[in-house]
Amino acid sequence: MEKHQLIQRFSADQLQQRVRELADEIRTDYRNRQLVVIGILKGAFIFLADLIRHLNIPSEVDFIRLASYGSLTESSGSIRVTKDIELPIAGKHVLVVEDIVDSGITMAWLLDHLRGKNPESVKTCVCIDKCERREKSVAADYIGFRVTQGFLVGYGLDWSEQYRYLPDIYEVKFL
Ligand code: 5GP
Ligand code: MG
């Protein structure tokens, strides 16, 4: 691994506080609705776990895993599903939970994919909205934090499978 340093961007306390606020908003919006929460593997697993516990309303949970061809620094836009959702979502209200939206290519593709399954509605909740490389205009409905740039790790986010376990979010600074 290249020599690097981790600089804290969001503390565990800040994350918990913000997730609680998002959950309060979402709970109000989905009152008396059949909600299916869909997490995008792997990055969103910790954010989703915190979110549904703060939400504390009856909801179903499923996961999807996508692979995108292209380099790490450049989304090619060619995406495929390596693990699809398993629950039926036709006629249900879907909330997609994602770790980071960057170019927007992954999210735009996923929304098309899910809409093909005829849900009643689809909304998105992202922990971090990073507008550095936005190409597809996807406006997330619920946003934890906005950042302009930087490669982030921790709280589920990895760098070559490292650092997902960290309770805080850090920016990787290359030395
Ligand atoms: P997009 O298609 O929006 O460019 O890609 C979003 C995906 O790229 C996210 O789901 C995430 O997996 C990955 N990604 C984008 N920015 C970062 C980052 O700063 N740190 C990490 N660990 N992953 C990122
Ligand atoms: Mg991801």
Side-chain angles (χ1 to χ4, degrees), residues 1-12 14-16 18-19 22 26 36-52 61-85 89 94-117 122-175:
M1 250 179 180
E2 286 169 74
K3 266 202 141 179
H4 63 283
Q5 208 180 355
L6 300 185
I7 312 286
Q8 195 192 64
R9 290 293 294 268
F10 304 104
S11 71
Q14 272 177 292
L15 289 164
Q16 289 308 309
R18 188 67 191 120
V19 172
L22 289 174
I26 294 167
V36 184
V37 180
I38 298 177
I40 307 180
L41 294 172
K42 300 178 191 173
F45 80 112
I46 292 181
F47 178 46
L48 181 144
D50 283 344
L51 188 70
I52 60 168
V61 177
D62 208 343
F63 291 94
I64 190 166
R65 180 138 199 226
L66 306 169
S68 103
Y69 295 106
S71 70
L72 262 183
T73 50
E74 206 182 306
S75 276
S76 62
S78 115
I79 291 168
R80 74 194 161 92
V81 173
T82 58
K83 184 228 159 298
D84 207 347
I85 56 167
I89 57 169
V94 169
L95 181 67
V96 176
V97 176
E98 173 62 312
D99 51 2
I100 296 198
V101 174
D102 187 9
S103 72
I105 290 171
T106 307
M107 188 59 94
W109 190 94
L110 179 62
L111 292 177
D112 272 354
H113 174 75
L114 293 177
R115 286 188 181 118
K117 297 175 188 280
V122 184
K123 282 195 183 188
T124 59
C125 177
V126 305
C127 185
I128 308 274
D129 186 358
K130 183 161 77 175
C131 38
E132 190 177 10
R133 289 187 293 229
R134 189 62 44 88
E135 287 179 35
K136 296 264 182 186
S137 64
V138 286
D141 298 285
Y142 306 96
I143 297 169
F145 297 95
R146 286 191 172 84
V147 302
T148 49
Q149 56 178 48
F151 190 78
L152 306 179
V153 295
Y155 198 60
L157 292 163
D158 76 309
W159 177 30
S160 299
E161 294 302 326
Q162 302 301 305
Y163 299 135
R164 289 191 199 278
Y165 66 92
L166 295 172
D168 311 319
I169 290 182
Y170 297 84
E171 181 173 345
V172 178
K173 290 277 187 203
F174 298 97
L175 301 172

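Note that ligands are numbered from 1 as they come in the structure, with each ligand's atoms numbered from 1 the same way.
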### Summary
ligand 1 to Glu98, heavy atom cutoff 4.0 Å, flagged ligand atoms 9 (C), 10 (O)
### Query
His4 and Tyr163: aromatic ring centres closer than 6.0 Å?
yes
### Task
Taking atom NZ of Lys173 as the centre, report whether more than 12 heavy atoms of other residues, nucleotides or ligands fall under 6.0 Å from it.
no
### Query
Is it true that Lys130 lies under 4.0 Å from ligand 1, counting heavy atoms only?
yes
### Task
Check whether any side-chain heavy atom of Phe10 lies under 4.5 Å from a side-chain heavy atom of Ile128, and answer yes or no.
yes
### Query
Any N or O of Met107 that comes nearer than 3.5 Å to an N or O of ligand 1?
no
### Query
Do the side chains of Leu157 and Tyr155 get nearer than 4.5 Å, heavy atoms only?
no
### Task
With heavy atoms of Ser103 as the reference, note each atom of ligand 1 found under 4.0 Å away.
1 (P), 2 (O), 3 (O), 4 (O)
## Note on the structure
Which of Val122, Val61, Ile85, Ile89 passes side chain to side chain contact (heavy atoms under 4.5 Å, CB included) with Val36? Answer is Ile89
### Query
Asp158 near ligand 1, heavy-atom distance under 4.0 Å?
yes
### Task
Could you walk me through whether Arg134 and Asp129 pass salt bridge (Lys or Arg N to Asp or Glu O under 4.0 Å), step by step?
CA-CA 10 Å; Arg134 189 62 44 88; Asp129 186 358; 2.5 Å; yes
### Task
For ligand 1, find out whether one of its N or O atoms is nearer than 3.5 Å to an N or O atom of Trp159.
no
### Query
Would you call Gly43 a ligand 1 contact, heavy-atom distance under 4.0 Å?
no
### Query
Who gets closest to atom 7 (C) of ligand 1 by heavy atom: Val138, Val126, Ile100, Leu41?
Ile100
### Leu157, any N or O under 3.5 Å of ligand 1 N or O
no
### Query
Would Leu66 and Thr106 satisfy side chain to side chain contact (heavy atoms under 4.5 Å, CB included), going step by step from the backbone distance to the final call?
CA-CA 8 Å; Leu66 306 169; Thr106 307; 3.6 Å; yes
### Side-chain heavy-atom pair Asp84, Lys117 within 4.5 angstrom cut-off
yes
### Query
Which ligand 1 atoms are under 4.0 Å away from a heavy-atom of Gly150?
19 (O)
### Task
Mind checking whether Ile40 contacts ligand 1 via backbone (N, CA, C, O), side chain (CB onward), both or neither, at a 4.0 Å heavy-atom cut-off?
neither
### Query
Is the closest side-chain heavy-atom distance between Val153 and Gln162 below 4.5 Å?
no
### Query
ligand 1 and Arg133, any nitrogen or oxygen pair closer than 3.5 angstrom?
no
### Message
Please determine whether any non-hydrogen atom of Ala44 lies less than 4.0 Å from an atom of ligand 1.
### Response
no
